[in-house]
Amino acid sequence: MELTPLYELRDRLRAGIIAGAALAAEDFRLSRALENFSTLEKASPVFAKVGQLGRSVLAPDCQDRAGAMLDAITLCDAVLCTQGAVAVPGELEDLPPRTGGVALTNAPYSVVAPLVEALTTKGSGHFSTVVEAHDQHPELFSDYRVRDALVKALGASYGELADKAGQWLCQEDESILPLLTEGFDPAGKKEMARRVQVIDTVAGGKLNDWYISQLEGAKKQVRVMLIYALRHCPENLELLLKLAKTEKFDNKDAARWALARIQNPGALPFWREMMEADLIENMRFFMASDSPAATALTAELLERELDDLLAPDDVPWYAEKEKRLANLLYALVGKTGPAICDAYRKGAALGTKLDGSRVWKNGKGQHINEQMFFQRPGGKKHPFSVALVEVLNQSIQWYPDPGLCALAEELYESYGGLWAAPVVCAALLTKGAEEAAAVGKKLLAPSLLERLTGKEERQLLMDLVFGELAGPGGALPDYMRQGMDIVRPAYRRVNNDPAGLVKAFWVDLYYTPIAAPLDGWWYELMMQHRMDRKLQYFIDKDDPALCQRIGEHFYRSIRMGTLEDGMPLQYAFAALKGCGWTQWKGLTLSYIQHTSESVHYWEVRNILYSLPISCKEKGEELANIYAKGRYSGWPAKTVEQQIQDWLAD
């Protein structure tokens, strides 16, 4: 049906309303539109009604011309709405499937839009908005709109936001890959390098052809990450060997990092040549690698260095040999196999021969008295006999390989002492609660601990046992995530870019979970030896009796100022919160009065801010603390204003 006359009538009625109802009777264009519309009036009663209302507007005796115009135009609009249609030429086709995620029916635009905006635009507060949303509503990050924005956030100008986006994307499944490869620019900057980082983590070698295809136009950090991603496929050996010779600077290092990790024994001749040229420079590439070449050569070179260090003749480059051995110990972490076990045996058989002072002649004929110290990754410096125990202990904590666990028992049976630590760690990581407790009671009995040389060595043994362990699951407890940003797990690194060319987000630090919940005996042992920093990671909120027991320990330690040396006060308060503690009145003040450590205002303020008490109670606590004395370095105006703010809230 041709509706042009109806559209014309509607337009003239609108123009009449704008001009004013008083002029409608003299509007000849409206009169003409009604004449044209008369052809439609017979087609339908509703059209007849439209014509009737339109003519009433023109009637000289109309009492309410404005009302008549509104009635007429309203009916016109209503009729046109019922006659509306939308169409495009062509055949109907199904929409292509969306691989970037699914739209959540329970995530309305009003909820998703602020999150997408925070991920894709600049502005203050965006980082906290995104992190808070991820903590409280992680399901939103499955929405395709958010996943797409999260990929864009890899290029955020605020580095911490880009790092967080990278961390979360690395935990996604392969459905995220199309979003990462779509629009990829190999000549791009850090955002594209981060994309490769995530693709590398999620896909591994499954996108090997894609890595190679992008190399031709890749530049700077993107090229570095693409080269490093080639390590996943053994067949890339020849390509990596070529790149190690032709590339320069960071690209060359990336090829060597990849060659140190590629699971192809054919890399051994290359590395043998590199180590002969400069062991100190090149051994760093073997850190945390379990490739056949890295494993075999590390064991071989370590045994050789141990033999050379014990040679009877003078050692003119003693300091350099110490560095060589230190690099080999770093590379030893995480490796296993018969050759590696033999290297441990050779080192353990030396006992303390490398621990004491060593006298040698320098080039001028002078006698030099020196002592060697070594350290595991993330650890403190110790003599060789202790450092070797730490390396085996750390390797077992990273991955309790059966061969290393059996070696630990063998070395303890032969040499005793600190070799008990890796045996106990292996038991905690591989055995049930009762069996692990039995091993602990046998090897960590008070009589054995007393035989160790003094408090420092006993503490070292306990640090080795609990150094990087955590309760089942291995994740940070919830109470340590909320309001305590300073709390971080320590030491184990899953490093997807050892060269450190794209900052931060790929380095994931976490504790290794134990195989079964701890027997109560372990808690008594940690409390007895003041292992407060380790104890906090074994709090089980589902065990009220245990929470009460640990809570009482931390409450007593805080109140009397007897926390483990070096443990931040915030950590202890976080542990108390995790235990469900409720007695906070006067606790902070008691700690300040009993400890010999200086306590800064901002530390106290942050602790009070995080406590589950009212603002009035926080203000009263801070006022009570401040009234007891003018603390050095505390900003008086700031403190007093904070007290007023809390009390007034």
Side-chain angles (χ1 to χ4, degrees), residues 100-154 156-173 175-176 179 194 198 202 470-489 504-505 508-511 513 536-537 539-542 547 570-571 573-582 584 605-615 618 646 649:
V102 295
L104 300 179
T105 56
N106 62 339
Y109 177 81
S110 59
V111 174
V112 173
L115 180 55
V116 171
E117 180 184 0
L119 285 166
T120 56
T121 61
K122 297 180 180 180
S124 61
H126 282 185
F127 178 74
S128 59
T129 298
V130 172
V131 172
E132 183 178 339
H134 192 273
D135 289 342
Q136 297 180 3
H137 301 287
E139 71 280 359
L140 292 177
F141 288 74
S142 296
D143 188 292
Y144 78 91
R145 295 163 290 182
V146 178
R147 293 181 101 196
D148 187 63
L150 201 58
V151 171
K152 290 183 174 63
L154 291 175
S157 58
Y158 188 59
E160 289 189 47
L161 179 57
D163 292 342
K164 278 292 184 185
Q167 288 178 358
W168 296 331
L169 286 170
C170 283
Q171 299 167 12
E172 293 280 354
D173 57 27
S175 67
I176 197 66
L179 285 177
R194 286 192 173 102
V198 177
V202 175
L476 276 178
D478 290 340
Y479 70 86
M480 300 186 73
R481 299 179 187 276
Q482 300 171 0
M484 284 290 176
D485 290 339
I486 58 163
V487 179
R488 294 287 186 270
F505 80 78
D508 190 13
L509 307 181
Y510 60 93
Y511 285 97
Q536 65 183 325
Y537 292 104
I539 295 172
D540 184 355
K541 292 197 290 187
D542 294 329
C547 285
Q570 289 115 312
Y571 284 43
F573 271 91
L576 269 181
K577 286 173 61 182
C579 291
W581 201 256
T582 59
W584 306 105
R605 185 262 183 196
N606 289 339
I607 288 172
L608 293 176
Y609 183 82
S610 68
L611 293 183
I613 56 178
S614 68
C615 287
K618 293 174 185 178
W646 271 337
D649 197 333

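Basis for what follows: all heavy atoms, side chains included, without hydrogens, waters or symmetry-related copies.
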With a 4.5 Å cut-off on side-chain heavy atoms, are [Y] and [X] touching?
{"X": "L608", "Y": "L611", "result": "yes"}
{"X": "D163", "Y": "R194", "result": "yes"}
{"X": "P612", "Y": "W584", "result": "yes"}
{"X": "L169", "Y": "L154", "result": "yes"}
{"X": "D135", "Y": "E132", "result": "no"}
{"X": "T129", "Y": "P114", "result": "no"}
{"X": "K164", "Y": "Y158", "result": "no"}

Which residues share a side chain to side chain donor-acceptor pair (under 3.5 Å) with D542, sequence neighbours left out:
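Testing D542 for side chain to side chain donor-acceptor pair (under 3.5 Å), a comparison that skips the adjacent residues, returns none.
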Rounded to the nearest 0.5 Å, what's the gap from CD1 on I539 to SG on C579? Could you check?
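It comes to 4.0 Å.
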How many angstroms lie between atom OG of S175 and atom OH of Y144, to the nearest 0.5 angstrom?
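Separation between the atoms: 15.0 Å.
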Lys/Arg-Asp/Glu bridge criterion (N-O < 4.0 Å) met for D143, R147
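No salt bridge links D143 with R147.
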Criterion side-chain contact (heavy atoms from CB on, under 4.5 Å) on W646 and R605, from CA distance to verdict:
CA-CA 11 Å; W646 271 337; R605 185 262 183 196; 4.2 Å; yes
Using modelled atom types only, decide if a donor and an acceptor are shared between the side chain of K577 and the backbone of S610 within a distance under 3.5 Å.
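Side chain of K577 to backbone of S610: a pair is present.
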How close do [X] and [Y] get, heavy atom to heavy atom, and via which atoms?
{"X": "G166", "Y": "V198", "value": "O-CG2, 4.1 Å"}
{"X": "C547", "Y": "G578", "value": "SG-O, 4.4 Å"}
{"X": "K618", "Y": "I613", "value": "CE-O, 3.3 Å"}
{"X": "Q536", "Y": "Y571", "value": "NE2-CD2, 3.5 Å"}
{"X": "L150", "Y": "W168", "value": "CD1-CE3, 4.0 Å"}

Steps toward side-chain contact (heavy atoms from CB on, under 4.5 Å) verdict (L115, V130):
CA-CA 6 Å; L115 180 55; V130 172; 4.2 Å; yes
Which side-chain N or O atoms in residues 117-127 pair as donor and acceptor under 3.5 Å with protein atoms at least two apart or in another chain?
unit_1 : atom_1 : unit_2 : atom_2 : d
T120   : OG1    : V116   : O      : 2.7
T121   : OG1    : E117   : O      : 2.5
H126   : ND1    : T121   : O      : 3.0

